[in-house]
Amino acid sequence: MRSEDLVRDHTIYSCVMGSRAFGLATEDSDTDRRGVFLAPTPLFWRFEKPPTHVEGPADEQFSWELERFCVLALRANPNILECLHSPLVEYADATGRALLELRGAFLSRRAHETFARYAQGQRQKLEADVRRDGAPRWKHAMHLLRLLMTSRDLLRTGTLTLDVGEQREPLLAVKRGEVPWTRVEAWMNGLATEADEALARSPLPAGPDHARVEDFLTAVRRASAHRADPGTLQSHPDHERVQGGPYGRGVRQP
């Protein structure tokens, strides 16, 4: 089975990410799509296993196989956690809706470390830009500030919210290069400190709920094994679009 067929026929969840999900889109913003596909269980009985992720087939599209997605989410990978909380859900079948119901099982105080480590890596790249060019890539600086805000608010509230709300205009001013780098640096430092302070009082559990996630994955694999015909490996018949349902505002497919 080709990788693009797995995405086309076996996607269980897809959403829009990037600036559109963050409330930072402008006229020239791309539409970044992310998704999760469920490789039919019989594919894992072969020597050659299905891919853990697939780029494409559409432009700006990237998908993970469900197990890989869950593993990364349990590790509090920032990109994966944010994908699960996109306000712009384009598609979800029954398994995708069950995955969304499981979102809370992945959230824990481990997010402080992973978000901070990712932010530090991005900060070092920006500082290298300043040393080389005299200024950072302002769009990247804007997105780093947004990430730091998201991390702080997650630790404070226990809820992962992507849309920046009233911070849209201040962040877009950074993107336009209207805020001096020294002020941006101070803003980043302040957000990092606030996240550190929120950690001790966070309502999040110390770690994710591994058992609940594993039970979900096992049940999904078992259902797929019973449902699939190893000769044809047809896709799940119960797919259903979600347009403005309980998981997001919804985006119309082109």
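What's counted below: heavy atoms across the whole structure, side chains too, no hydrogens, waters or symmetry copies. Remember, it's a predicted structure, so these values are computed and weren't measured experimentally.
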At their closest point, which heavy atom of F69 faces which heavy atom of C83, and how far apart are they?
CE1-SG, 4.0 Å

Please work out which of the three classes, parallel, tilted or perpendicular, describes the rings of H53 and F62, given edges at 30° and 60°.
parallel

For K49, I'd like to know if atom NZ has over 12 heavy atoms of other residues, nucleotides or ligands within 6.0 Å.
yes

Which heavy-atom pair separates G23 from R168 by the least distance, and what is that distance?
O-NH1, 2.9 Å

Can you find a side-chain donor-acceptor pair between H112 and D196 that sits under 3.5 Å?
yes

Minimal heavy-atom distance between A73 and L81, with the atoms involved, is O-CD2, 3.7 Å

Do you know the tightest heavy-atom contact between A21 and L162?
O-CB, 3.9 Å

Does CG in D59 sit with more than 12 non-hydrogen atoms of other residues, nucleotides or ligands closer than 6.0 Å?
no

Criterion side-chain contact (heavy atoms from CB on, under 4.5 Å) on L171 and F22, from CA distance to verdict:
CA-CA 11 Å; L171 288 170; F22 303 145; over 6 Å; no

Keeping the roles fixed (side chain from S86, backbone from V16), state whether a donor-acceptor pair exists under 3.5 Å.
yes

Quick one, L144 and M188 - any side-chain contact, counting heavy atoms below 4.5 Å?
yes

At what distance, to the nearest 0.5 angstrom, does CD of Q167 lie from CG of L172?
11.0 Å

We want to know whether R20 and T31 form a side-chain donor-acceptor pair, criterion being a heavy-atom distance below 3.5 angstrom.
yes

Distance col, row L126:CG vs E185:CD, nearest 0.5 angstrom, shows 9.5 Å

Salt bridge (Lys or Arg N to Asp or Glu O under 4.0 Å) partners of R110, counting only residues at least two apart
none

State which residues pass salt bridge (Lys or Arg N to Asp or Glu O under 4.0 Å) with E166; sequence neighbours excluded, sorted by chain then number.
none

Calculate, to the nearest 0.5 Å, the distance between atoms SG and CG belonging to C15 and L84 respectively.
8.0 Å

Heavy-atom pair with the smallest gap, counting every atom of L66 and V36
CA-CG1, 3.6 Å

So E4 and R2, salt bridge (Lys or Arg N to Asp or Glu O under 4.0 Å) or not? Walk me through it.
CA-CA 5 Å; E4 55 265 36; R2 299 180 306 170; 3.4 Å; yes

So do the side chains of I12 and V220 get within less than 4.5 Å of each other, counting heavy atoms only?
no

Candidates Q122, R117, Q124 - the one meeting side chain to side chain contact (heavy atoms under 4.5 Å, CB included) with Q120:
Q124

Decide if atom CD of E55 counts as having more than 12 heavy atoms of other residues, nucleotides or ligands within a radius under 6.0 Å.
no

Just wondering, are more than 12 heavy atoms of other shown residues or ligands nearer than 6.0 Å to CD in E127?
yes

Inter-residue atom distance R146.CZ - S151.OG, 0.5 Å rounding
10.5 Å

In terms of heavy-atom contacts, does CZ of R132 have more than 12 from other residues, nucleotides or ligands at under 6.0 Å?
yes

Could you state the interatomic distance from CZ (R221) to CZ (F216), rounded to the nearest 0.5 Å?
9.5 Å

Indicate yes or no: does D215 engage R212 in a salt bridge with an N to O separation below 4.0 Å.
no

Provide the closest heavy-atom pair for A198 versus R152 in the form atom of the first, atom of the second, distance.
CB-O, 4.3 Å

From OH (Y13) to CZ (F37), nearest 0.5 Å
15.5 Å

